[in-house]
Asks: 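Have a look at this one.
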Amino acid sequence: MKNIFLFILVILCISCNDSKKQQAEKETISDEVVNSLPESMARGGQIYTDYCMQCHLGNGLGVPKNFPPLANSNWLTEKREESIHAVKYGQNGEIEVNGVPYNGVMVAMGLSDQEVADVLNYVMNNWDNTQDKMVTAEEVNSVSK
């Protein structure tokens, strides 16, 4: 019952975002030139605040038994393509993060490929996560449903 309540709360929070604001932000980001990891991470931090922080929290620790942690996450470091797929298309069904099973729903946020790359660069390089290779919009585009 608690999971259903949290899921409904997440859907309500997401649906409250102003669609015109989102479209303007997408157009602005798609016009920007992506030059470096720090620039991508800076944009990704804002996207994280707008779309991800409600569930995964500001410290990336998530909510035990409901929303998996992004901090020090083996899912992010070991399952790059699955991570991209989850952010791009949403996630449904059981996954295991740091040895703990999670069986919830993460809806697709409607982010552009560049926004997906930016937010993944942010989370994959924060909270004890590190990646050797920057996520690019081209890589995100190559991940299909």
Side-chain angles (χ1 to χ4, degrees), residues 1-23 25-26 28-30 32 34 36-145:
M1 185 70 170
K2 185 178 179 182
N3 287 343
I4 294 171
F5 174 75
L6 288 172
F7 176 72
I8 292 170
L9 181 63
V10 169
I11 297 299
L12 289 173
C13 289
I14 292 168
S15 65
C16 290
N17 286 330
D18 180 60
S19 61
K20 290 181 183 178
K21 177 184 171 194
Q22 290 175 3
Q23 185 60 35
E25 289 171 353
K26 284 182 184 183
T28 300
I29 290 173
S30 65
E32 293 176 3
V34 180
S36 70
L37 181 60
E39 291 170 341
S40 177
M41 287 176 61
R43 290 188 304 270
Q46 184 60 51
I47 295 165
Y48 183 84
T49 299
D50 291 345
Y51 293 92
C52 313
M53 191 164 60
Q54 299 92 324
C55 298
H56 297 286
L57 307 181
N59 58 9
L61 292 176
V63 177
K65 298 182 182 178
N66 290 300
F67 303 110
L70 301 177
N72 196 25
S73 169
N74 73 315
W75 178 265
L76 290 173
T77 58
E78 298 170 9
K79 298 180 178 268
R80 184 179 178 98
E81 186 170 335
E82 291 91 335
S83 296
I84 293 169
H85 188 276
V87 175
K88 185 173 180 176
Y89 298 111
Q91 173 66 40
N92 187 12
E94 188 169 309
I95 63 171
E96 186 175 299
V97 180
N98 299 338
V100 178
Y102 291 86
N103 192 5
V105 174
M106 181 177 95
V107 297
M109 303 295 164
L111 302 174
S112 71
D113 289 348
Q114 185 60 58
E115 289 171 317
V116 171
D118 290 340
V119 76
L120 282 168
N121 284 322
Y122 176 76
V123 300
M124 289 178 155
N125 290 285
N126 271 304
W127 312 304
D128 295 324
N129 298 316
T130 57
Q131 294 287 305
D132 294 328
K133 181 182 169 195
M134 183 174 153
V135 178
T136 65
E138 292 78 18
E139 181 180 10
V140 173
N141 184 264
S142 73
V143 173
S144 60
K145 203 169 194 176

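Counting begins at 1 with the first residue of the sequence. These numbers were taken from a predicted model, which means no experiment stands behind them. Atoms considered below: every heavy atom in the structure, side chains included; atoms not considered: hydrogens, waters and symmetry mates.
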Asks: Can you measure from CG (D128) to CG (N125) and round to the nearest 0.5 angstrom?
Replies: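 Atom-to-atom, D128:CG and N125:CG are 11.5 Å apart.
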
Asks: Are Y51 and V119 side-chain neighbours, meaning at least one heavy-atom pair lies under 4.5 Å?
Replies: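 Contact flag for Y51/V119 side chains = no.
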
Asks: State whether the side chain of N141 and the backbone N or O of A137 hold a donor-acceptor pair below 3.5 Å, judged by distance alone.
Replies: no

Asks: Sub-3.5 Å donor-acceptor pair from the side chain of N129 to the main-chain atoms of N72, do we have one?
Replies: yes

Asks: Around E94, counting heavy atoms of other residues, nucleotides and ligands shown, do more than 12 lie under 6.0 Å from its CD?
Replies: yes

Asks: Please find the pair of heavy atoms, one from D118 and one from S40, that lie closest to each other, and give the distance.
Replies: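 D118 and S40 have their closest heavy atoms at OD1-OG, 2.6 Å.
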
Asks: Could you tell me the separation between the CZ atom of R80 and the NE2 atom of H85, rounded to the nearest 0.5 Å?
Replies: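 These two atoms lie 16.0 Å from each other.
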
Asks: Quick check: closest heavy atoms across Q54 and D50, and the distance to 0.1 Å?
Replies: NE2-O, 3.3 Å

Asks: Under the side-chain hydrogen bond (donor to acceptor under 3.5 Å, both in side chains) rule, what do E139 and T136 come out as? Steps first, then yes or no, please.
Replies: CA-CA 5 Å; E139 181 180 10; T136 65; 4.6 Å; no

Asks: Tell me every residue that passes side-chain contact (heavy atoms from CB on, under 4.5 Å) with N126, counting only those two or more places apart in sequence or in another chain.
Replies: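 Expected list: M41, Y122.
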
Asks: Restricting to non-hydrogen atoms, name the atom on N98 and the atom on P69 that form the minimum distance, rounded to 0.1 Å.
Replies: ND2-CG, 4.0 Å

Asks: Would you say the side chain of E115 lies within less than 4.5 Å of the side chain of V140, judging by non-hydrogen atoms?
Replies: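 Not touching, per the 4.5 Å side-chain cut-off.
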
Asks: Could you tell me which residues satisfy side-chain contact (heavy atoms from CB on, under 4.5 Å) with E82, sequence neighbours excluded, listed by chain and number?
Replies: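 Partners of E82 by the side-chain contact (heavy atoms from CB on, under 4.5 Å) criterion, ordered by chain and then number, come out as W75, K79.
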
Asks: Within the 4.5 Å heavy-atom criterion, are S83 and M124 side-chain neighbours or not?
Replies: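 Yes, side chains in contact.
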
Asks: Parallel under 30°, tilted from 30 to 60°, perpendicular over 60°: which one fits the rings of F67 and H56?
Replies: perpendicular

Asks: Locate the shortest heavy-atom distance separating M106 from A86; write the atom from each residue and the value.
Replies: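 Looking at all heavy atoms of both residues, the shortest contact is CE-O, 2.9 Å.
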
Asks: Between T77 and Q131, does the side-chain contact (heavy atoms from CB on, under 4.5 Å) criterion hold? Intermediate values first, please.
Replies: CA-CA 7 Å; T77 58; Q131 294 287 305; 3.8 Å; yes

Asks: With distance as the sole test, does K145 use its side chain to make a donor-acceptor pair with the main-chain N or O of Y89 at under 3.5 Å?
Replies: no

Asks: If you take all heavy atoms of W127 and L70, which pair is closest and at what distance?
Replies: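 Heavy atoms of W127 and L70 come nearest at CZ3-CB, 4.1 Å.
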
Asks: Rounded to the nearest 0.5 Å, what separates atom CG in N103 from atom CD in Q91?
Replies: 9.5 Å

Asks: Does any N or O in the side chain of N121 come within less than 3.5 Å of the main-chain N or O of V135, such that one atom is a donor and the other an acceptor?
Replies: yes

